[in-house]
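Note sheet for the following structure.
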Amino acid sequence: MKSHGAAAGEGRPSAVRDRILSTATKLFYRSGVHAVGVDLVVAESGIAKTSLYRHFGNKDGLVAAFLKGEDADFWRQWDAIADRHPDDPKAELAAYLEWMETRLRRPNYRGCPQLNVAAEIPDRRHPARRVAEEHKQKMRDRFSSVARRLGLKRPSRVGAQLALAFDGAFITAPISGGEQLSETLKETVAALVKASRAA
């Protein structure tokens, strides 16, 4: 079935949407969602403002789409790690820590986009805020699963603690050295696991 809605000369609707979202993603992550207006996204993407509204409804919809894209990319990487260690939760957790070290050392890394947007948008009814909250709940659930498979006591509590440790690294990353932060995170995770075993 033929798609409709792209402005003349802008190409396929899906390509137009992708260009707008790609541009918005770079701008939102680099400068924050409040600092980036629709006009800047339009100017940087070269797409008509009417096309932006047609595909995303308004800026709130665009911010939510940005976070959904970041969420999908995050879990694609997470799942790839999990798939390499289906029967070894210890190795799986270690692999997440190595993955985090790579993320924390990235040039111009500004931390977790979900946390960044949640900090900028206090309204829990905002569609992007809901995406951020669901992302963090999923992280707690995933870590709880790892803790359960490790045989740790009170795995849900340990999962929440592990998620908090990772979130702390995300928040600290923009103002701290990646290598030192990564080592601190590894030490924190090891201490949490050890304490759970001893409890």
Side-chain angles (χ1 to χ4, degrees), residues 21 25 28-29 32-33 60-106 109-174 176 178 181-199:
L21 184 55
T25 294
F28 287 153
Y29 188 71
V33 297
D60 288 350
L62 181 59
V63 174
F66 152 61
L67 274 197
K68 287 178 181 177
E70 293 294 296
D71 177 78
D73 181 63
F74 182 94
W75 294 117
R76 273 194 299 269
Q77 295 181 55
W78 182 288
D79 289 340
I81 293 171
D83 289 345
R84 292 198 295 270
H85 306 284
D87 303 311
D88 191 346
K90 182 178 179 180
E92 181 182 345
L93 183 56
Y96 293 140
L97 288 166
E98 293 302 320
W99 173 57
M100 275 292 288
E101 181 172 3
T102 300
R103 294 176 74 85
L104 296 172
R105 290 187 179 195
R106 287 191 332 214
Y109 185 61
R110 292 196 62 247
C112 171
Q114 314 287 342
L115 291 173
N116 293 346
V117 170
E120 287 196 75
I121 302 176
D123 184 359
R124 300 188 71 171
R125 297 169 297 178
H126 192 287
R129 178 69 184 239
R130 291 198 296 269
V131 174
E133 290 180 357
E134 290 170 4
H135 176 89
K136 291 307 174 184
Q137 181 59 56
K138 188 173 182 179
M139 177 178 282
R140 289 191 291 272
D141 292 343
R142 292 292 189 96
F143 276 128
S144 295
S145 174
V146 173
R148 191 172 296 109
R149 286 181 284 121
L150 281 169
L152 302 181
K153 300 173 183 177
R154 304 176 73 178
S156 294
R157 181 176 180 179
V158 176
Q161 292 170 338
L162 290 171
L164 183 61
F166 272 65
D167 280 342
F170 285 134
I171 291 170
T172 310
S176 180
L181 185 57
S182 175
E183 287 304 310
T184 302
L185 178 60
K186 290 177 182 178
E187 292 168 359
T188 301
V189 168
L192 288 172
V193 171
K194 183 179 179 180
S196 178
R197 291 192 188 283

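Here, residue 1 is the first one in the sequence, and each next residue gets the next number. All values reported here derive from a predicted model rather than from experimental measurement.
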Could you tell me if the side chain of [Y] sits less than 4.5 Å from the side chain of [X], heavy atoms only?
{"X": "K186", "Y": "M100", "answer": "no"}
{"X": "F170", "Y": "Q114", "answer": "no"}
{"X": "V146", "Y": "L162", "answer": "no"}
{"X": "V117", "Y": "H126", "answer": "no"}
{"X": "N116", "Y": "Y29", "answer": "yes"}
{"X": "L97", "Y": "S182", "answer": "no"}

> Between A118 and A132, which heavy-atom pair has the shortest distance, and what is it?
Replying inline: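 For A118 versus A132, the nearest heavy atoms are CB-CB, 4.3 Å.
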For the student: nearest non-hydrogen atoms of L185 and A165, plus distance: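 Shortest heavy-atom contact: CD1-O, 3.5 Å.
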Using a strict cut-off of less than 4.0 Å between a Lys/Arg side-chain nitrogen and an Asp/Glu carboxylate oxygen, indicate whether [X] and [Y] qualify as a salt bridge.
{"X": "D73", "Y": "R76", "value": "yes"}
{"X": "K138", "Y": "E134", "value": "no"}
{"X": "K90", "Y": "D88", "value": "no"}
{"X": "R129", "Y": "E133", "value": "yes"}
{"X": "E92", "Y": "R84", "value": "no"}

When you measure from the side chain of S144 to the backbone of R140, do you find a donor-acceptor pair of N or O atoms at a distance under 3.5 Å? yes
query: Are the side chain of T25 and the backbone of F66 linked by a donor-acceptor contact shorter than 3.5 Å?
result: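 Such a contact is absent between T25 side chain and F66 backbone.
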Measuring centre to centre across the rings, with the benzene-like ring taken for any Trp, is F143 within less than 6.0 Å of F166? yes
Next on the checklist: Are more than 12 heavy atoms, taken from residues, nucleotides or ligands other than K136, located less than 6.0 Å from that residue's NZ atom?
Outcome noted: yes
**Request:** Take the angle between the ring planes of H135 and F74 and call it parallel below 30°, perpendicular above 60°, tilted in between.
**Result:**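 Judged by the thresholds at 30° and 60°, the geometry between H135 and F74 is perpendicular.
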